[in-house]
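As structure tokens, the structure follows; a few thoughts come after it.
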Amino acid sequence: MVGLKPSDVPPPLGVKMASAGLAACWADIVTFPLDTAKVRLQIQGEKTAVGGIRYRGVFGTISTMIKTEGPRSLYNGLVAGLQRQMCFASIRIGLYDNVKNFYTGGKDNPNVLIRILAGCTTGAMAVSFAQPTDVVKVRFQAQSNLDGVARRYTGTMQAYKHIFQNEGMRGLWKGTLPNITRNALVNCTELVTYDLIKEAILKHNLLSDNLPCHFVSAFGAGFVTTVIASPVDVVKTRYMNSPPGQYKSAINCAWTMMTKEGPTAFYKGFVPSFLRLGSWNVVMFVSFEQIKRAMMVTKKRIDDPN
């Protein structure tokens, strides 16, 4: 199982879900500027591109945003992002081991197909529940703080209300299908790759089950996930950020990108995506392991004060 030594007692479901949510929030706080830069690069080329400004590269985008909008712009949508992670990560990561055990009937060493199925299942479940938070987060990251440029939203709760009033429930769940596709891919690739790399490292005694092992496993998982999920991620971002009527569907959005901008459009923002996913995975998985173990120690002390 992810994050457990053979001698460990499996932590309760509540501990895993809380640990995953907290670790993901911390990872979001650390890597959010990279995610915002990724969103700005992904929507570049649309009519809705921010203020007509041209972004060049991840660090160029961050530098341009700081100069034109101030450093706070890098954290546009952070509140919605943290709301998303508490709902999203606690389900997709916290439930992964339990769903994996459900599919195997409790047997050890499940095969890759079972792991992929478990990752896709929890990823789809998480998106279905947390989609509105993702819509608001993406729209905040896409809007600018430039003088003279009208802002779509002024606050997180106002954004939920505005979207519901103007676009209905469908607006809050806009892009659910591409997001389910994207996050099923991300979740199964991220967790399965982390699982397999970590098991291989421990099996061949390359490292012990500690921070360096978690770092290498998480970094590898971040790279593989970025390569596989980037095209769907770009379509998801474009579609969720689009005003009503710009695209008929997520498939229409992908087709429009292909015909107007070419296949390279699907890998716009790849470098910030990798920097963000790689660093996010490292911070999240390392934090997840440590928070989970700390919570288990605390639980043990409470259960057995003597």
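All values below were derived from every heavy atom in this structure, side-chain atoms included, with hydrogens, water molecules and symmetry-related copies excluded.
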Please output the side-chain donor-acceptor pairs of residues 116-124 that fall under 3.5 Å, not counting sequence neighbours, one pair per line with the distance.
from: Thr121; atom 1: OG1; to: Tyr103; atom 2: OH; distance (Å): 2.9
from: Thr121; atom 1: OG1; to: Leu117; atom 2: O; distance (Å): 2.7
from: Thr122; atom 1: OG1; to: Arg92; atom 2: O; distance (Å): 3.0
from: Thr122; atom 1: OG1; to: Ala118; atom 2: O; distance (Å): 3.3
from: Thr122; atom 1: OG1; to: Gly119; atom 2: O; distance (Å): 3.4
from: Thr122; atom 1: OG1; to: Asn187; atom 2: ND2; distance (Å): 2.6

Minimum-distance pair of heavy atoms, taken over all atoms of [X] and [Y]:
X      : Y      : result
Val286 : Phe215 : CG2-N, 4.3 Å
Met86  : Ser90  : O-OG, 2.6 Å
Tyr75  : Ile29  : OH-O, 3.1 Å
Asn76  : Arg40  : ND2-NH2, 4.1 Å
Phe140 : Ala159 : CE1-CB, 3.7 Å
Trp173 : Ser128 : NE1-O, 3.0 Å

4.5 Å side-chain heavy-atom contact, [X] and [Y]:
X      : Y      : result
Val136 : Arg84  : no
Pro33  : Thr36  : no
Lys300 : Val297 : no
Phe270 : Val227 : yes
Lys198 : Glu289 : yes
Leu172 : Val135 : no
Ser279 : Val30  : no
Trp255 : Lys248 : no

* To do: Output every pair passing salt bridge (Lys or Arg N to Asp or Glu O under 4.0 Å) with a member in residues 169-178, not counting sequence neighbours, ordered by first then second residue.
  =>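 For residues 169-178, and leaving out neighbouring residues, there are no salt bridge (Lys or Arg N to Asp or Glu O under 4.0 Å) pairs at all.
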Are [X] and [Y] joined in one hydrophobic group, where the rule is that I, L, V, M, F, W and Y side chains link up if heavy atoms are under 4.5 Å apart?
X      : Y      : result
Leu34  : Leu74  : yes
Tyr96  : Tyr194 : yes
Trp280 : Val192 : yes
Leu78  : Met65  : yes
Phe88  : Val39  : no

* Residues in side-chain contact (heavy atoms from CB on, under 4.5 Å) with Met157, at least two apart? ->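 In terms of side-chain contact (heavy atoms from CB on, under 4.5 Å), with neighbours along the sequence ignored, Met157 is linked to Tyr160.
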* **Those residues that, when tested against Phe129, pass side-chain contact (heavy atoms from CB on, under 4.5 Å) (two or more places apart)** => Cys87, Ile91
* Asked: Quick one: salt bridge (Lys or Arg N to Asp or Glu O under 4.0 Å) partners of Arg115, sequence neighbours excluded?
  -> Asp195, Glu199
* **With sequence neighbours excluded, residues passing salt bridge (Lys or Arg N to Asp or Glu O under 4.0 Å) with Asp35** => Lys38, Lys137, Arg276
* Establish, for the pair Lys161 and Phe164, whether the NZ or CZ atom is under 6.0 angstrom from the six-membered ring centre and no further than 45 degrees off its axis. => no
* Residues Lys268, Met257; criterion side-chain contact (heavy atoms from CB on, under 4.5 Å); working and verdict -> CA-CA 11 Å; Lys268 279 192 172 183; Met257 288 172 57; over 6 Å; no
* To do: Run the numbers on Asp134 and Lys236 for salt bridge (charged side-chain N to carboxylate O under 4.0 Å, His left out), then give the verdict.
  => CA-CA 10 Å; Asp134 206 11; Lys236 179 213 77 167; 3.6 Å; yes
